[in-house]
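Below: the structure, in structure tokens.
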2 protein chains.
Amino acid sequence: MENGAENVRSQMRKGVLEYCILSILDKKEAYASAILEELKAANMIVVEGTVYPLLIRQKNQGLLSYRWEESTQGPPRKYYCITEKGRQQLGEMDLAWQEIVDTIRTIKEK
Amino acid sequence: MENGAENVRSQMRKGVLEYCILSILDKKEAYASAILEELKAANMIVVEGTVYPLLIRQKNQGLLSYRWEESTQGPPRKYYCITEKGRQQLGEMDLAWQEIVDTIRTIKEK
DNA sequence: TTTTAGTACTATGTGTTGCAAGGTATTAAA
DNA sequence: TTTAATACCTTGCAACACATAGTACTAAAA
């Protein structure tokens with residue numbers, strides 16, 4: 001049971017993380033560790049235990065597909081790729097995100 | 001198990017709603033129904049069953065206080081008011097929100 | 001060969017949040 | 001007395017992020 005600045009961020013991430021991942025995969029296919037890297041580079045701190053289940057969820061919803069690819073170092077990699085359905089979902093998320101940003105601005109500027 | 005554009009919005013609201021309410025009460029004290037009205041006016045659709053527990057939670061965390069006030073029409077109203085601790089929390093949320101907005105922009109613009 | 005380290009993916013249980021649905025209490029008008 | 005309007009509250013549920021732990025494959029060191 002506790003707060004702190006980190007919990008605030010954790011709660012705000014909900015729903016947004018899924019949006020981030022679809023956006024990343026909309027640019028190019030990638031495997032989980034690379035996605036994690038890009039999220040960290042963009043200052044969105046998350047951990048493996050969060051990203052992997054999310055990818056599986058999105059794949060089960062038909063938003064993503066994947067293919068295996070051998071790696072010279074370590075086990076094979078699961079390259080994820082956005083589907084047509086995923087692109088539609090991403091379009092809705094773009095709208096929803098813009099709405100929320102506008103909402104906050106409206107409330108703040110009064 | 002469900003999708004739809006509304007679910008997308010519902011998920012993105014998580015954590016943000018708390019931020020909205022603190023922001024509203026930072027401007028002036030208000031009772032729950034009035035807060036609901038302002039949220040709807042700002043295009044943030046929520047329902048009573050979401051707002052009331054949230055106000056109680058924030059009050060229990062010491063972010064809000066309240067006082068009762070008689071109404072000429074209908075039952076008495078519970079006017080909520082932000083506390084000093086609530087203002088500190090709001091400050092952290094301002095930062096967290098700005099960070100997330102920047103993160104999305106970073107991912108999107110690449 | 002066996003062990004160690006590094007990389008990649010998976011599974012389980014917990015706490016927080018938003019929501020649907022329904023309920024209680026007060027006041028004024030029909 | 002009944003109805004409608006206003007205001008507040010409760011319960012049970014699903015989705016999400018996270019901590020923690022575990023599996024599997026590869027290559028280099030012992």
What's the [atom1]-[atom2] distance between [X] and [N], to the nearest Å?
X: B/Leu39; N: C/dC19; atom1: CG; atom2: C1'; value: 15 Å
X: B/Leu17; N: C/dG18; atom1: CG; atom2: P; value: 5 Å
X: B/Glu69; N: D/dC8; atom1: CD; atom2: P; value: 11 Å
X: B/Glu37; N: D/dA5; atom1: CD; atom2: P; value: 15 Å
X: B/Asn7; N: D/dC16; atom1: CG; atom2: P; value: 6 Å
X: B/Leu55; N: D/dT10; atom1: CG; atom2: P; value: 13 Å
X: B/Leu36; N: D/dC8; atom1: CG; atom2: P; value: 10 Å
X: A/Ile21; N: D/dC16; atom1: CD1; atom2: P; value: 12 Å

May I ask you to evaluate whether [X] reaches the phosphate of [N], defined as a side-chain N or O under 4.0 Å from OP1 or OP2?
X: B/Arg77; N: C/dT26; result: no
X: A/Arg57; N: D/dA14; result: no
X: A/Tyr31; N: C/dA8; result: yes
X: B/Tyr52; N: D/dA7; result: no
X: B/Arg13; N: C/dC19; result: yes
X: A/Ser10; N: D/dA17; result: no

query: More 5' along DNA chain C: A/Pro53 or A/Gly74, using each one's nearest nucleotide?
result: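 Whichever sits nearer the 5' end wins; that is A/Gly74.
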query: 5'-most contact on DNA chain C: B/Thr50 or A/Tyr66, nearest heavy atom basis?
result: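 Mapping each residue to its closest nucleotide by heavy atoms, the 5'-most match is A/Tyr66.
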Mind checking if [X] touches a base, just sugar-phosphate, or nothing, with heavy atoms under 4.0 Å?
X: B/Ser33; answer: sugar-phosphate
X: A/Glu18; answer: sugar-phosphate
X: A/Ser71; answer: nothing

field: Pairwise side-chain contact, A/Glu99 with B/Arg9, heavy-atom cut-off 4.5 Å (strictly under)
entry: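 Side chain of A/Glu99 against side chain of B/Arg9, heavy atoms only: contact under 4.5 Å found.
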task: State, yes or no, whether a side-chain contact exists between A/Leu64 and A/Leu22 at a heavy-atom distance under 4.5 Å.
output: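 A/Leu64 vs A/Leu22: side chains touch.
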- prompt: Considering only D/dT6, D/dC9, D/dC18, which nucleotide approaches the side chain of A/Val47 most closely?
  reply: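 Shortest atom-to-atom distance from the side chain points to D/dC18.
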- prompt: Taking the side chain of B/Lys78 as heavy atoms from C-beta outward, which of C/dC9, C/dG18, D/dC9 is closest to it?
  reply: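 Out of C/dC9, C/dG18, D/dC9, the nucleotide with an atom closest to B/Lys78's side chain is D/dC9.
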query: Do the charged groups of A/Glu48 and A/Lys40 touch, with an N to O distance under 4.0 Å?
result: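 Answer for the salt bridge query: no.
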- prompt: Any salt bridge between A/Glu18 and A/Arg57, counting N to O under 4.0 Å?
  reply: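 No, no charged N to carboxylate O under 4.0 Å.
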message: Is it the case that the ring center of B/Tyr79 lies less than 6.0 angstrom away from the ring center of B/Tyr31?
response: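 Distance test on ring centres: under 6.0 Å, yes.
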message: Within the supplied structure, the quantity of interest is the number of heavy atoms (other residues, nucleotides, ligands) at a distance under 6.0 Å from A/Lys78 NZ; does it exceed 12?
response: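 Enclosed: over 12 neighbouring heavy atoms sit under 6.0 Å from NZ of A/Lys78.
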message: For a quick check, tell me whether the side chain of B/Lys14 and the base of D/dA15 share a donor-acceptor pair closer than 3.5 Å.
response: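 Side chain to base: pair found, below 3.5 Å.
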